[in-house]
2 protein chains.
Amino acid sequence: MPNQPFLSAPATSATVALERALSVHKPLDETGLAAVRACFATSVEMLHGPGVDLTPEFRRSAARLVVRGWIARGAALEDGRRQIVGLHLPGDVMAAPAANEADLSVWTLTDAATICAERFWREAETARAAGQGVGPAWNALRAAERTRLVHQIVRLGRLSAFERTAHLLVELHERQVRVGLAPPGEIALPLTQDVLADILGLSVVHMNRTLQQMRRRGLISYQGGRVVLPDPAALHQAGRRVAPDGQAPSS
Amino acid sequence: MPNQPFLSAPATSATVALERALSVHKPLDETGLAAVRACFATSVEMLHGPGVDLTPEFRRSAARLVVRGWIARGAALEDGRRQIVGLHLPGDVMAAPAANEADLSVWTLTDAATICAERFWREAETARAAGQGVGPAWNALRAAERTRLVHQIVRLGRLSAFERTAHLLVELHERQVRVGLAPPGEIALPLTQDVLADILGLSVVHMNRTLQQMRRRGLISYQGGRVVLPDPAALHQAGRRVAPDGQAPSS
DNA sequence: CGGGACCTTGATTATCTTCAATGCTAGTGG
DNA sequence: CCACTAGCATTGAAGATAATCAAGGTCCCG
């Protein structure tokens, strides 16, 4: 259990995922591309094992780019309950939990690699205020992050366990397909049901049963951290309607 | 039911609440004060009745300052379910729902007055990127808004109805006391239990019973839109622990 | 007085949690 | 190679929490 981060080779291509994410809004030209890369030129990738608290990293840099792996941001209550607020995927720029979010922490869910993004953050924010360069794209990324928070609230507040699950999977699907992390109809999901439960505000047991229900209905199938969505549209529909407790088709 | 907004006198002092909110971080000097006021000098206050959708207003201006009244931002599902994502109080600057938040809407909960804040928004964002003028204060306000979203997620995901209610009340209390909207130990709460239920992801019936429970335990008392908190610390505690179903002390 | 908005109550049902096992698989050390 | 363990998925049973359904009740207002 490597609690101690390792250093890795200086990474010039570590920004590939970020470049893709920014390009979703509008493809970056050569100048923009170079500017983004320059922000990470002197930085060194840091490797983290799974289940590692990233708070120490954030003490040194207030923003980090996810190069590889899945990272969770969430709160842990005194009595052991845990709520994951959002997920960070490769290409995401994570801000350190703010001072008024002292109860929040950020930790790795899988093996992961991150890199300091303070310089990029500053430059992107400036560009945003000016509406120049990566500004609009960066703005779109930040807006998408906020929208995900809002969706999380609606999920937890008003959707049933079944709907929540479908809704989350659809969101992850769109998010991954958009930046090329997964082909259409598939999701990379290297998460235990335990973690999924903490995202969706459910108990592990109920999470398990809900996933079984979705499999029985043929909405999903999965193995080894890879989820297949035979009919994304149907799943999308399931995320916005109350799911009647239908009979299992098998015998 | 005035669905049509009225115009009111040009408002120079409409920014009082905003000035207070900004000053929480660091008192504004004369220059800063003047700069803020200048952003609203030529604007006209707009009056809205309760229960009015503000989407049309946002079509004309992407940001509005709440001068008076309570405003909700939330999503309505096709089948009638409704989840309020956040509340806007006097002094808040509301951004129009983003393009990727098409399912979101903003509506008044009480009589309200708003004013266009596009110019202020632009200037504040510039100041923020530069770290000058109202930049830091504006940054703090925006961070606080994000923190409230996060808290909302934790509430809905992992707190019981009782805890949720306590947690929300504590948050509203701190928020109002900070900007002088309520004296310590009190909260202005001009909301129906129906609306509270839509904030906390509960049914109206259960909302009602939960509030009764809190009253029976002496944690709150209220009448006419004004909640009294005899012991804010106890309420705060109630927001972070599972509430055992104790007996009512009366009789 | 009637109507509407809101609060309250009781009874019933559904959803979800908790508790307690069991099984499976991969990794580990003998 | 095999017992041994740890982490994860799964299952059944029981219980808690919250939703739903269906009435009343109160207050205010036209």
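Here is how names work: the chains are called A, B, and so on, in the same order as the sequence lines, proteins then strands, and each is numbered from 1. All of these numbers come straight from a predicted model, not from anything done at the bench.
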At their closest point, which heavy atom of Thr108(A) faces which heavy atom of Gly49(A), and how far apart are they? OG1-O, 2.6 Å
From CG of Asp194(B) over to P of dT20(D), roughly how many Å is that when rounded to an integer? 13 Å
N or O in side chain of Asn208(A) less than 4.0 angstrom from dA9(D) OP1/OP2: no
Would you please confirm or rule out a distance under 4.0 Å between OP1 or OP2 of dT10(D) and any side-chain N or O of Arg215(A)? yes
When we call it a touch if two heavy atoms are under 4.0 Å apart, what does Leu211(A) touch: a base, just sugar-phosphate, or nothing? nothing
Below 4.0 Å: OP1/OP2 of dA5(C) and any side-chain N or O of Gln193(B): no
Nearest to the Arg209(A) side chain among dT18(C), dT20(D), dC16(C), which nucleotide is it? dT18(C)
Closest to the side chain of Ala161(B), out of dT18(C), dA18(D), dC21(D), is dA18(D)
Find the distance Tyr222(A):OH to dC8(D):C1' and express it as a whole number of Å. 11 Å
Residue-phosphate contact under 4.0 Å: Gln212(A) side-chain N/O, dT11(D) OP1/OP2: yes
Measure the distance from CG on Leu200(A) to P on dC16(C) and round it to the nearest whole Å. 11 Å
For Arg158(A) and dC16(C), give me the distance from atom CZ to atom C1', rounded to whole Å. 16 Å
Rounded to whole Å, please give me the gap between NE2 in His206(B) and C1' in dT8(C). 15 Å
Look at the side chain of Ser160(B) and decide which nucleotide, out of dA18(D), dT11(D), dG10(C), has an atom nearest to it. dA18(D)
For the residue pair Arg155(B) / Gln152(B), report whether a side-chain donor-acceptor contact shorter than 3.5 Å exists. yes
Over how many whole Å does the gap from Leu196(B) atom CG to dA18(D) atom P extend? 16 Å
Candidate list Glu57(A), His48(A), His88(A), Arg68(A), test side chain to side chain donor-acceptor pair (under 3.5 Å), partner Thr114(A), passing option: His48(A)
Could you tell me whether Thr192(A) contacts a base, only the sugar-phosphate backbone, or nothing, with contacts defined as non-hydrogen atoms closer than 4.0 Å? sugar-phosphate
What does Gly224(A) touch in the nucleic acid at a heavy-atom separation under 4.0 angstrom: a base, only the sugar-phosphate, or nothing? nothing
Could you check how far CG of Leu202(A) sits from P of dA14(C), rounded to whole Å? 20 Å
Could you check how far CG of Leu189(A) sits from P of dC8(D), rounded to whole Å? 14 Å
Just to be sure I understand the rule, does Val204(A) reach a base, reach only the sugar-phosphate, or reach nothing, if contact means heavy atoms closer than 4.0 Å? nothing
Non-hydrogen side-chain atoms of Arg146(A) and Glu101(B) separated by less than 4.5 Å: yes
Give the minimum heavy-atom separation between Arg175(A) and Leu87(A), together with the two atoms involved. NH2-O, 2.8 Å
